[in-house]
Structures are given as C-alpha cells and as structure tokens.
Asks: 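Quick one: structure below, then a few questions.
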Amino acid sequence: DAGITQSPRHKVTETGTPVTLRCHQTENHRYMYWYRQDPGHGLRLIHYSYGVKDTDKGEVSDGYSVSRSKTEDFLLTLESATSSQTSVYFCAIRADSTSTDTQYFGPGTRLTVL
Amino acid sequence: ILNVEQSPQSLHVQEGDSTNFTCSFPSSNFYALHWYRWETAKSPEALFVMTLNGDEKKKGRISATLNTKEGYSYLYIKGSQPEDSATYLCALYYYGQNFVFGPGTRLSVLP
C-alpha cells in the first residue's frame, strides 16, 4: 500500500469555524490531490499540487485553500466551514504527470459541518 | 468540465453470474482511462489503465475494453463473487486537465 495518511479521520465542526485537513505521504511523489466525494458525484477535484509551493484549483475549489510547504504534506483548509462542505475528503498522490500514471488514495476524512 | 457517465448506477447479481457495466466519455483529446475498484470503508484502488483504441486488459476474472472512437469502456466480471461487491469508478485523463471521474457503478453480489 502507498504510504498515505490523512488526519483527522473524522471531524465534526460548526458552521463558520476554520478546519484544516492534513495529507501526509512517505512516497516522495510530486503530485498531490484533494477530492471530495458526495453521493451521485463520484470524486470531484478541489485543489492539486505539482510541487512544493505549486498548487492549482480544481473543479470545486470555492471555499477551500491549500498549502504545500514540504513534499510530504498537503493541507486543505476550509476558512469558514459551511454545511455544504459536509463530505468525505480524499487525498491522492501520483509520481508524475503522465496520463498512465496511477493515483493512490488515502483512507479519507469524514467531515460533518453542523 | 467534461462529463463522464457510468451505467448502471447500481446493480445486484447472484454469485456466479457474469456482469458488465459501462463508462461513457467525450472522445476528443482523450489520453487515458483508469478503472478503480472502491470497497466500502476503503480507498479506491487502481484496476486498469488503458490508452489505445481496442485495448483489452485482464486481471483474474475482471477484464476491460476500450473504444476511444465512440467514447466508451466496458468492465466485465466473470463469475461474480461476494468479494467483488464494490463501487467501480472510471476516471478519464484529458489533455490540459486532471482526472475527471464518473459517478461510479455500485455492484452487489448476493451469495
């Protein structure tokens, strides 16, 4: 199994509070991704990183920010959580950007915003 | 955002039955199609990567085909077993974009 961990694994928070999710990898892969998974939508890309301090937006980036200060860590921040951000969040890593290179997923973080 | 569709949304089969489902996608600027298997309470795991029209891949009882000209891929499971129960995701990689995932097909194999 690829060495990917996510923390926390579960979190319940209130509307308006800031939340940070962490993805940590031990594979030294260059590319890291944050997805959210909602019923009927599969996985949707929030943000991704193609190197330290290099990040870009995905399909559903509004309300989220990211940071990558080290190769191994990719942080997802909800500046002011809303109920619509209740979801399961998955981190993924990939060694390079070729179309055939596989993504490896972390175990997921279940976030509930009350 | 490109639209990737999967059908059916869910299906139930009896143990021993063979089954198949479809991933449909826009065929222009296509680079690669990835199939993932996603068991409940676990993370998606890669099954196949296909790039060429007519590609066929096989892993045990599971196989997949790709038609890039008409924009679809089939995933086949021969002699389904309860441990095949999972959601099967396809993800397309297009030029200038990251992966676009379909909504998945949830398979339940009844003993």
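Naming: A, B, ... by sequence-line order, numbering from 1 per chain.
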Asks: Not counting sequence neighbours, which residues clear side chain to side chain donor-acceptor pair (under 3.5 Å) with A:Arg36? List them please.
Replies: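 For A:Arg36 the side chain to side chain donor-acceptor pair (under 3.5 Å) partners, ignoring immediate neighbours, are A:Asp38, A:Tyr64.
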Asks: Side chain from CB out, backbone as N, CA, C, O: work out which of these in A:Tyr31 comes under 4.5 Å of a heavy atom of chain B, or both, or neither.
Replies: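 Contact with chain B: none, neither part.
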Asks: Should B:Leu33 and B:Tyr76 be counted in the same cluster of Ile, Leu, Val, Met, Phe, Trp and Tyr side chains packed under 4.5 Å apart?
Replies: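 Each belongs to a different hydrophobic cluster.
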Asks: Honestly curious: do B:Met50 and B:Ile62 fall in one hydrophobic cluster under the side-chain, below-4.5 Å linking rule?
Replies: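 Yes, B:Met50 and B:Ile62 fall within the same hydrophobic cluster.
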Asks: Return yes if some donor-acceptor pair links the side-chain N/O of A:Thr102 with the main-chain N/O of B:Ala46 below 3.5 Å, else return no.
Replies: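 No.
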Asks: When you group the ILVMFWY residues by side-chain heavy-atom contacts below 4.5 Å and let the links chain together, are A:Tyr33 and B:Tyr31 in the same group?
Replies: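 Hydrophobic grouping puts B:Tyr31 with A:Tyr33.
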Asks: Please flag which part of A:Leu45 lies under 4.5 Å from any non-hydrogen atom of chain B: side chain, backbone, both or neither.
Replies: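 Side chain only.
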Asks: For B:Lys78, does the NZ atom have more than 12 heavy-atom neighbours from other residues, nucleotides or ligands under 6.0 Å away?
Replies: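 Open.
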Asks: Quick one: are A:Phe105 and B:Lys42 in side-chain contact, heavy atoms under 4.5 Å?
Replies: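 Result no, sub-4.5 Å side-chain heavy-atom pair not found.
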Asks: Is A:Arg110 atom CZ crowded by more than 12 heavy atoms from other residues, nucleotides or ligands, each under 6.0 Å away?
Replies: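 Open.
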Asks: Going by residue number, which parts of residues 104-111 of chain B are within reach of chain A, meaning a heavy-atom gap below 4.5 Å?
Replies: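 From residues 104-111 of chain B, none sit under 4.5 Å of chain A.
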Asks: Among A:Val88, A:Leu43, A:Asp56, single out the residue with the greatest number of heavy-atom pairs under 4.5 Å to chain B.
Replies: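 When all of A:Val88, A:Leu43, A:Asp56 are compared, A:Leu43 has the most.
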Asks: Just grab all the salt bridge (Lys or Arg N to Asp or Glu O under 4.0 Å) pairs involving residues 87-97 of chain A, residues at least two apart or on different chains.
Replies: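 Every pair satisfying salt bridge (Lys or Arg N to Asp or Glu O under 4.0 Å) with a residue in residues 87-97 of chain A: there are none.
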Asks: Could you tell me whether the side chain of B:Tyr36 and the main chain of A:Gln103 form a donor-acceptor pair under 3.5 Å?
Replies: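 Between the backbone of A:Gln103 and the side chain of B:Tyr36 there is a qualifying donor-acceptor contact (under 3.5 Å).
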Asks: May I ask whether B:Leu66 and B:Val49 are part of the same hydrophobic cluster, defined by side-chain heavy atoms of I, L, V, M, F, W, Y residues being less than 4.5 angstrom apart, directly or through others?
Replies: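 No; B:Val49 is not reachable from B:Leu66 via cluster members.
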Asks: Determine whether B:Ile77 and B:Trp35 fall in the same hydrophobic cluster, where Ile, Leu, Val, Met, Phe, Trp and Tyr are linked whenever their side-chain heavy atoms lie under 4.5 Å apart.
Replies: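 As far as the 4.5 Å side-chain criterion goes, B:Trp35 and B:Ile77 are connected within one cluster.
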Asks: Would you mind writing out the side-chain donor-acceptor pairs for residues 7-20 of chain B within the sub-3.5 Å range, not counting sequence neighbours?
Replies:
residue: B:Asp17; atom: OD2; partner: B:Gln14; partner atom: N; Å: 3.2
residue: B:Ser18; atom: OG; partner: B:Gly79; partner atom: N; Å: 3.1

Asks: So which heavy atom on A:Pro107 is nearest to which on B:Ser43, and how close?
Replies: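 That would be CA-OG, 3.3 Å.
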Asks: Pick from B:Ala41, B:Pro44, B:Ala32: which one has the most heavy-atom pairs with chain A under 4.5 Å?
Replies: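 Heavy-atom pair counts peak at B:Pro44.
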Asks: Within the structure provided, determine whether B:Phe99 and A:Tyr48 are in side-chain contact (heavy-atom separation under 4.5 Å).
Replies: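 No; the side chains remain at least 4.5 Å from each other.
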Asks: State yes or no: are the ring centers of B:Phe101 and A:Tyr35 separated by less than 6.0 Å?
Replies: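 Between B:Phe101 and A:Tyr35, the centre distance is under 6.0 Å.
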